[in-house]
Q: 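I'd like to ask some things about the structure below.
Quantities reported herein were computed from a predicted structural model and do not represent experimental measurements.
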2 protein chains.
Amino acid sequence: MSPVVKITDVARHAGVSPSTVSYALNGKRPISEATRRRIEASIRELGYHPHAGARALAGARSHVLALVMPLRRGVDLPVVTRFAMSVVTTARRHGHDVLLLTGEEGEDGLRRVADSARADGFVVMDVQLDDRRLPLLRALRRPSVLIGLPADPAGLTCVDLDFRAAGEACVEHLALLGHRRVALLGSPPEVYARGTGYARRVADGVTAAAGRNGLTASVHPCASDPGAAPALVRRLLGADPAPTGLVVHNEALLGPLADALRAEGVRVPEDLSVVALCPDDLAERAATPLTSVSVPAAELGARAVELLIGKLGAETGPAPGLAAPDVTLLPPRLTVRSSTAPRG
Amino acid sequence: MSPVVKITDVARHAGVSPSTVSYALNGKRPISEATRRRIEASIRELGYHPHAGARALAGARSHVLALVMPLRRGVDLPVVTRFAMSVVTTARRHGHDVLLLTGEEGEDGLRRVADSARADGFVVMDVQLDDRRLPLLRALRRPSVLIGLPADPAGLTCVDLDFRAAGEACVEHLALLGHRRVALLGSPPEVYARGTGYARRVADGVTAAAGRNGLTASVHPCASDPGAAPALVRRLLGADPAPTGLVVHNEALLGPLADALRAEGVRVPEDLSVVALCPDDLAERAATPLTSVSVPAAELGARAVELLIGKLGAETGPAPGLAAPDVTLLPPRLTVRSSTAPRG
DNA sequence: GTGAAAGCGCTAACAT
DNA sequence: ATGTTAGCGCTTTCAC
């Protein structure tokens with residue numbers, strides 16, 4: 001078994017000093033084209049990979065980002081996974097690896113990873129309106145980027161979908177189709193109770209857009225269990241006047257809802273238009289492909305990493321002008337499919 | 001901002017030498033109860049966390065496991081996430097962190113992480129029958145555990161659900177209920193083509209159990225798109241004699257299948273019994289809760305990590321007897337819900 | 001049961 | 001544009 005290759009081996013093989021190899025590797029000072037090439041050749045030939053621990057120790061940067069995943073029930077696992085994938089891919093493009101933490105470890109976990117220099121910064125998913133970790137994140141000696149929008153984002157860097165605009169987009173689409181009466185089927189009550197910001201923001205957007213467009217809107221939190229949706233649908237459609245447009249912001253509801261509508265003999269979109277707020281693939285593969293606003297998990301992940309990398313750089317050199325903004329909200333994109341149609 | 005606490009600070013505070021603190025920390029030599037206590041108190045008081053890079057450099061162990069996630073379409077994202085969570089939780093219990101890699105990085109990524117000593121070992125998900133990475137994994141200077149069962153597991157450590165037994169369990173359940181004619185709705189054709197072992201293994205199990213119990217079984221790969229299921233269902237139920245029991249091993253099919261059955265006026269379980277191979281929560285929340293065999297993602301993840309930690313230990317001390325087995329197959333567990341009933 | 005001291009492999013001054 | 005060298009904070013012989 002060949003012994004491990006180190007930087008001195010590369011240096012000797014290329015006929016230069018170790019520091020030159022180091023500088024060639026991380027470009028912190030100019031290297032002549034000729035030597036750089038010899039060094040690169042040696043690196044490839046010997047199969048050299050710098051020892052991560054030694055690098056972290058000497059350089060005070062681990063080149064690792066920590067990703068804090070939610071673990072509580074009720075989170076949308078496919079979205080979480082796509083997000084994580086995007087974080088990893090983007091981090092790699094910037095020469096960083098990703099350490100996976102669960103929300104379970106909580107504040108101690110953050111502190112442990114920060115203090116042990118295992119990671120240079122944090123991407124924190126599933127941030128609650130009044131998240132317990134916020135004070136720590138503000139105080140930590142390592143930068144972080146949050147996914148989600150807490151009540152007070154001051155001093156933090158947050159990225160999220162603009163859920164309010166998403167709610168507005170749904171209603172505006174329905175308004176354009178001539179609908180006058182819409183209902184929002186929202187997240188389960190516990191999601192609102194938990195203080196997750198996005199549920200509320202969608203509801204606000206729906207209400208605001210309805211107001212602006214002269215529509216009537218009602219908001220209905222709805223549990224995810226199979227029984228809840230049919231009951232709610234019957235109640236909604238039994239009202240007089242009944243809504244002719246539905247905005248659905250609860251993935252787990254989509255299936256039961258479709259069943260319930262079919263059972264009631266309600267045709268989509270002829271009798272009822274439905275706009276969903278859900279991942280694209282789910283909207284596409286529904287029996288009636290759904291007009292939807294998607295949660296752009298991949299873009300969110302990429303953006304979060306890029307902001308974090310930016311903050312890492314800003315720590316070293318005195319900030320070159322642009323500090324990371326406190327809040328970045330990505331604009332929603334509505335895709336029209338087959339579940340919405342003009343009223344009547 | 002308080003300066004970073006190091007081992008010498010703890011040593012001074014506790015009135016001992018740095019080496020004693022180190023030994024107290026990782027128990028590699030006996031420490032008197034008294035000093036150990038003083039050291040622990042100092043550690044807590046000062047908020048000491050050993051520098052991970054320094055530890056890795058001096059100790060030749062990073063205390064990090066790399067988890068290689070699949071990224072291709074068609075994998076079951078919720079299962080992947082649950083698996084990852086379980087890996088992280090278990091790794092933490094053993095004092096390790098988890099580095100997240102995507103399958104995209106492929107063999108180069110594995111080599112990079114192994115050679116840079118960023119991780120001490122690998123957990124590789126979504127291993128194909130004839131996975132390109134197998135030779136590398138066998139040759140790498142770091143141990144690994146694979147999730148999935150390649151064609152030739154020799155020299156590797158593999159963990160998986162016993163999919164064959166799962167297929168058998170489904171059929172045996174139907175046999176006990178008096179069914180004589182069953183059909184397997186399998187994974188999409190591309191999954192079989194790709195050489196994913198589990199699809200084939202389920203089919204084998206179904207066939208074998210049918211044979212043993214004197215049933216007739218047929219196997220039908222089925223695409224995930226919404227149109228495929230209804231067509232297949234019509235064809236199956238139009239046959240004479242038609243199957244009275246269905247084994248469904250394709251999550252994406254479950255919804256469309258239910259729709260199709262309802263459309264055809266087939267009642268479950270009165271006219272047709274259905275057994276699914278899918279995550280429990282999906283089976284529970286179906287309109288008709290499904291009798292199912294679940295993929296025990298959490299157990300698989302925990303087991304994989306424990307095997308890997310075992311191999312890490314075995315590398316240091318001369319193996320204390322038990323080497324990790326090549327193949328560990330977890331037994332399936334079938335949960336009876338409302339979608340199966342005696343024939344007739 | 002405890003201490004002293006020599007590295008681990010790299011980076012970043014400080015040289016030239 | 002390149003070389004020399006002093007650590008980074010820990011583990012681990014070797015000594016007592």
Q: By nearest nucleotide on DNA chain C, pick out whichever of Ile31(B) and Leu57(B) is the more 5' one.
A: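 Nearest nucleotide further toward 5': that of Ile31(B).
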Q: Heavy atoms under 4.0 Å, any strand shown: does Val4(A) hit a base, just sugar-phosphate, or nothing?
A: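 Here Val4(A) touches no strand at all.
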Q: Rounded to whole angstroms, how far apart are CZ on Arg38(B) and P on dG3(C)?
A: 8 Å
Q: Checking contacts here: which listed nucleotide (dC10(C), dT11(D), dG1(C)) is nearest the side-chain heavy atoms of Pro30(B)?
A: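 Of dC10(C), dT11(D), dG1(C), dG1(C) is nearest to the side chain of Pro30(B).
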Q: So do Leu100(B) and Leu99(A) actually touch side chain to side chain, heavy atoms under 4.5 Å?
A: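 No, their side chains stay 4.5 Å or more apart.
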Q: Expressed in angstrom and rounded to an integer, what is the separation of Asn26(B) atom CG from dT12(D) atom C1'?
A: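 For the pair Asn26(B) CG and dT12(D) C1', the rounded distance is 10 Å.
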Q: What is the distance from CZ of Arg61(B) to C1' of dG9(D), rounded to the nearest Å?
A: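 For the pair Arg61(B) CZ and dG9(D) C1', the rounded distance is 19 Å.
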Q: Respond yes when some side-chain nitrogen or oxygen of Arg29(B) is under 4.0 Å from OP1 or OP2 of dT2(C), and no when none is.
A: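 No, because none of the side-chain N or O atoms of Arg29(B) sits under 4.0 Å from OP1 or OP2 of dT2(C).
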Q: In Å and rounded to the nearest 0.5 Å, what is the CG to OG1 distance from Leu308(A) to Thr157(A)?
A: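 Interatomic distance, Leu308(A) CG to Thr157(A) OG1, rounded to 0.5 Å: 8.5 Å.
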Q: Rounded to the Å, how far apart are His51(B) NE2 and dT11(D) P?
A: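 After rounding, the reported distance stands at 12 Å.
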Q: Is the phosphate of dT2(D), meaning OP1 or OP2, less than 4.0 Å from a side-chain N or O of Thr35(A)?
A: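 Thr35(A) to dT2(D) OP1/OP2: side-chain N or O found under 4.0 Å.
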Q: Figure out the CZ/P separation between Arg55(A) and dG9(D), and round it to whole Å.
A: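 The distance from CZ of Arg55(A) to P of dG9(D) comes to 18 Å, rounded to the nearest Å.
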Q: For the residue pair Arg142(B) and Lys311(B), establish whether any side-chain heavy-atom pair is separated by less than 4.5 Å.
A: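 In short, these two side chains do not touch, never coming nearer than 4.5 Å.
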Q: Decide yes or no for Pro18(B) and Thr20(B): does some side-chain heavy atom of the first lie under 4.5 Å from some side-chain heavy atom of the second?
A: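 Answer no - side chains too far apart.
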Q: OP1, OP2 of dC10(C) versus side-chain N and O of Tyr23(A): anything below 4.0 Å?
A: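 It does not, given that no N or O in the side chain of Tyr23(A) lies less than 4.0 Å from OP1 or OP2 of dC10(C).
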Q: Rounded to the Å, how far apart are Lys6(A) NZ and dG7(C) C1'?
A: 10 Å
Q: Measure from the side-chain heavy atoms of Ser22(B) and tell me the nearest of dG3(C), dG9(C), dT11(D).
A: dT11(D)
Q: Do any side-chain nitrogens or oxygens of Lys28(B) fall under 4.0 Å of OP1 or OP2 in dT12(D)?
A: yes
Q: Starting from the 5' end of DNA chain C, give me the residue, Ala58(B) or Gly15(B), whose nearest nucleotide shows up first.
A: Gly15(B)
Q: What is the distance from CZ of Arg37(A) to C1' of dA1(D), rounded to the nearest Å?
A: 17 Å
Q: May I have the distance from His49(B) (atom NE2) to dC10(D) (atom P), rounded to whole angstrom?
A: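 Computing the His49(B):NE2 to dC10(D):P distance gives 12 Å.
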Q: Any side-chain heavy atom of Leu129(B) sitting closer than 4.5 Å to one from Pro150(B)?
A: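 No, side chains not in contact.
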Q: Among the nucleotides dT5(D), dC10(C), dC10(D), which one has an atom lying closest to any side-chain atom of Ser19(A)?
A: dT5(D)
Q: Regarding Ser32(A), tell me which of base, sugar-phosphate or nothing describes its non-hydrogen contacts under 4.0 Å with the strands shown.
A: sugar-phosphate
Q: Is the phosphate of dT2(D) approached by Thr20(A) (side-chain N or O, under 4.0 Å from OP1 or OP2)?
A: no
